[in-house]
Amino acid sequence: QKEVEQDPGPLSVPEGAIVSLNCTYSNSAFQYFMWYRQYSRKGPELLMYTYSSGNKEDGRFTAQVDKSSKYISLFIRDSQPSDSATYLCAMSDTGGYNKLIFGAGTRLAVHP
Amino acid sequence: EAQVTQNPRYLITVTGKKLTVTCSQNMNHEYMSWYRQDPGLGLRQIYYSMNVEVTDKGDVPEGYKVSRKEKRNFPLILESPSPNQTSLYFCASSLSAVYEQYFGPGTRLTVT
């Protein structure tokens, strides 16, 4: 079993839809949770970062962490075609540089 | 412009022919890392470096070497490439915390 599970998609939604992207994990020691966005033929870029449980909002994006269920989510409101990308969740226990574990990524397509 | 650069971007080679993929960052970052990205497996760390002359293995170091002689450069060396090293490779750098990683554009390597 992988430490971090993420549905690869693809997920196809119409413009303006609310998108929910999710990851589950097995290591209860994870405390740092990140979402990266990766456009085609580009490197990943950090989108959101949260520490421990709770919600964090940044514009149209909301990250949620439920440590009791070992489940994290990224919500995208009013999705745009420019949001079409692969979204990778990543986690760490100590925050140490050598401990970042990535999910496989979910491919999202937002069509006009 | 702050960036991580990698060269070459695309490389096709044959089994056993030594190669080097270069990585350079202009942000004066302490930490640098190499990842490989494979379908369904996400990003997996190969090696990382916390500073000049300080390197350590990640999750999948077999068949790879690295060196960090200058702060800005972190080359990845494949001394005897094999077909199972066909992958998309990313270099990343970070000032300190693990979640602030900046990724390069990627190097697509094919070993025949």
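We name chains A, B, ... by the order of the sequence lines, and we start the count at 1 in each one. Here the structure is a predicted model, which means the values were calculated and not measured.
- For R107(A), the CZ atom sits in a loose shell: 12 or fewer heavy atoms of surrounding residues, nucleotides or ligands are nearer than 6.0 Å.
- A side-chain contact (heavy atoms from CB on, under 4.5 Å) with L21(A) holds for exactly one of L74(A), I72(A), D7(A); it is L74(A).
- In this structure, no portion of R108(B) lies under 4.5 Å from any heavy atom of chain A.
- To the nearest 0.5 Å, atom OG of residue S93(B) and atom CD of residue E30(B) are 11.0 Å apart.
- Heavy atoms of Y10(B) lying under 4.5 Å from chain A belong exclusively to its side chain.
- Residue contact with chain B, scored on non-hydrogen atoms closer than 4.5 Å, is absent for Q6(A).
- Chain A forms more heavy-atom pairs under 4.5 Å with one residue of R9(B), Q6(B), Q37(B) than with any other, namely Q37(B).
- The choice from P39(B), G42(B), C91(B) that makes the most heavy-atom pairs within less than 4.5 Å of chain A is G42(B).
- Proximity of T24(A) to V4(A): side-chain heavy atoms (C-beta onward) are nowhere separated by under 4.5 Å.
- Heavy-atom distances place both the backbone and the side chain of P44(A) under 4.5 Å from chain B.
- Formation of a donor-acceptor pair under 3.5 Å by the Q25(B) side chain with backbone atoms of N28(B) is found in this model.
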